[in-house]
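Data first, discussion second: the structure below is written as structure tokens.
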Amino acid sequence: MSNKQYSLEELGWKKTFKDQLSTKEEEIFLPARVTMTHKGHVVVSTGDSEHLLKIAEKGIGSLNQQPTVGDWLLLDKNSIVPERLLERTSLLQRMAPGQEVKLQPIAANIDTLFIVSSCNSEFNLNRIERYICLALEAGVNFVLVLTKEDLTEEAQKYRKKAKKLFEDIETITINGKDHESVQKLHKWFEKGETVVLLGSSGVGKTTLLNTINGTTKEKTGSIRESDEKGRHTTTTRSLHVMPSGALLIDVPGIRELQLHDCQAGINRAFAEIVEAEDMCRFSDCSHQQEPGCAVRDALEQGTLDQRRLDNYLKLKEEAEKNTDNIAEKQKRKSGKKNKYSRKWKK
Ligand SMILES: Nc1nc2c(ncn2[C@@H]2O[C@H](COP(=O)(O)OP(=O)(O)OP(=O)(O)O)[C@@H](O)[C@H]2O)c(=O)[nH]1
Ligand SMILES: [Mg+2]
Ligand SMILES: [Zn+2]
């Protein structure tokens, strides 16, 4: 963020956050929004000033969870130590990449998710469906933004394919480098509204941010010619105040969006499959050999799409497995704590 000063409202402060503070708390605490997260630290802004907070192994100050970009914290007015993380209106999270079983918050207090994909070989229906599940589960509004329309004759073909993924999904094709083209997104940029850009590396998230801002301030990077893959240019999550007064969050390119605890989102994203499943004779039908399988019937009649079915089954299994693994880990953790407390009492 720049050195400019903002009011809390200009940073996205709303009644739902204010309502979480008692009169006493309003006196002693300063609300601050997380405007940047990077390895080991977060930057928060109170509107008047910015502060860098280190993340210790156990979190920051007395917070019981790790803050992420978009979060609201209450800081002690004197010491600037964070005391409390305000309840989020929404949270986008995924399984952390790597071997360790843990969750990673992506962004919090989001009004709209821009699922960014480009009109080239990066475009992938299965991947876009993951993002749709994530948005539906988190209860945030979402829009599909297809960049690089200027580099192909087939932008409308991509758009048509994408539109079929979900009823009424808003799908906008743009040239992210062109100021006029980007105007198509303006209705989501109302003052105080928070929009997050998510997508693979190289799809043009930062380019879009710069064009909307009318600057070249944030670093962008070319994609590889051989496979059109990005080079993971952006390495921090950051929140920016747009000229319209909206808040735009840019995030590093996502390699893998592994879903966690996403059953409701998946069911809504694949409603036609869930509907067919309900008509299978057996409630635990695997849609393989069972008699009276409505899903196989629908496939044969061409009313269900095999690709969507395969992706649905895959996402469902993955999300269930991840949910179980996290629950298992939490159980082990709380078991450990109990053991220690027993030891102390002896
Ligand atoms: N022609 C054209 N090029 C674009 C468009 N959007 C992005 N680019 C180019 O695509 C490349 C990647 O853009 P970035 O904005 O760095 O992509 P990113 O999504 O931020 O990538 P990461 O930060 O790695 O996640 C750059 O060379 C941009 O100039 C577009 O709509 N049209
Ligand atoms: Mg970027
Ligand atoms: Zn079946």
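Just so it is clear, the model here is predicted, and its values are computed rather than measured. Quick note: numbers below take in every heavy atom, side chains included, and nothing from hydrogens, waters or symmetry partners. As the structure lists them, so they are numbered: ligands from 1, and atoms in each ligand from 1.
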If I take the Zn ion (ligand 3) as the centre, what angle separates the SG atom of Cys293 from the SG atom of Cys285? Nearest 10 degrees is fine. 110°

For Gln104 and Arg94, test the side chains for any donor-to-acceptor distance below 3.5 angstrom and give the result as yes or no. yes

Polar-atom distance check: Ser201 versus ligand 1, any N or O pair below 3.5 Å? yes

Would you say Gly230 contacts ligand 1, with heavy atoms under 4.0 Å as the rule? no

Taking 2.8 Å as the cut-off, does an N/O/S atom of Thr207 lie below it from the Mg ion (ligand 2)? no

Can you find an N/O atom of Asp150 closer than 3.5 Å to an N/O atom of ligand 1? yes

With carbon and hydrogen excluded and only N/O/S kept, which atom of His287 is nearest the Zn ion (ligand 3)? ND1

So if I count the atoms of ligand 1 from 1 in the order they appear, which ones are less than 4.0 Å from some heavy atom of His232? 24 (O)

With a cut-off of 4.0 Å, which atoms of ligand 1 are near a heavy atom of Ser222? 27 (O)

Would you check whether Ile223 has a nitrogen or oxygen atom less than 3.5 angstrom from a nitrogen or oxygen atom of ligand 1? no

Decide whether an N or O pair under 3.5 Å exists between Gly202 and ligand 1. yes

Do ligand 1 and Thr220 have nitrogen or oxygen atoms that lie under 3.5 Å from each other? no

Let me check your reading of the structure: within less than 2.8 Å of the Mg ion (ligand 2), is there an N/O/S atom from Thr220? no

With only distance considered, is Lys148 within less than 3.5 Å of ligand 1 through an N or O on each side? yes

Show the atoms of ligand 1 that are less than 4.0 angstrom away from any heavy atom in Val203. 17 (O), 19 (O)

Using distance alone, decide if ligand 1 has a nitrogen or oxygen within less than 3.5 Å of any nitrogen or oxygen in Lys219. no

Measuring from atom CG of Asp71 to atom CD of Gln65, what distance do you get when rounded to the nearest 0.5 angstrom? 7.5 Å

Backbone or side-chain N or O of Pro252 under 3.5 Å from ligand 1 N or O: no

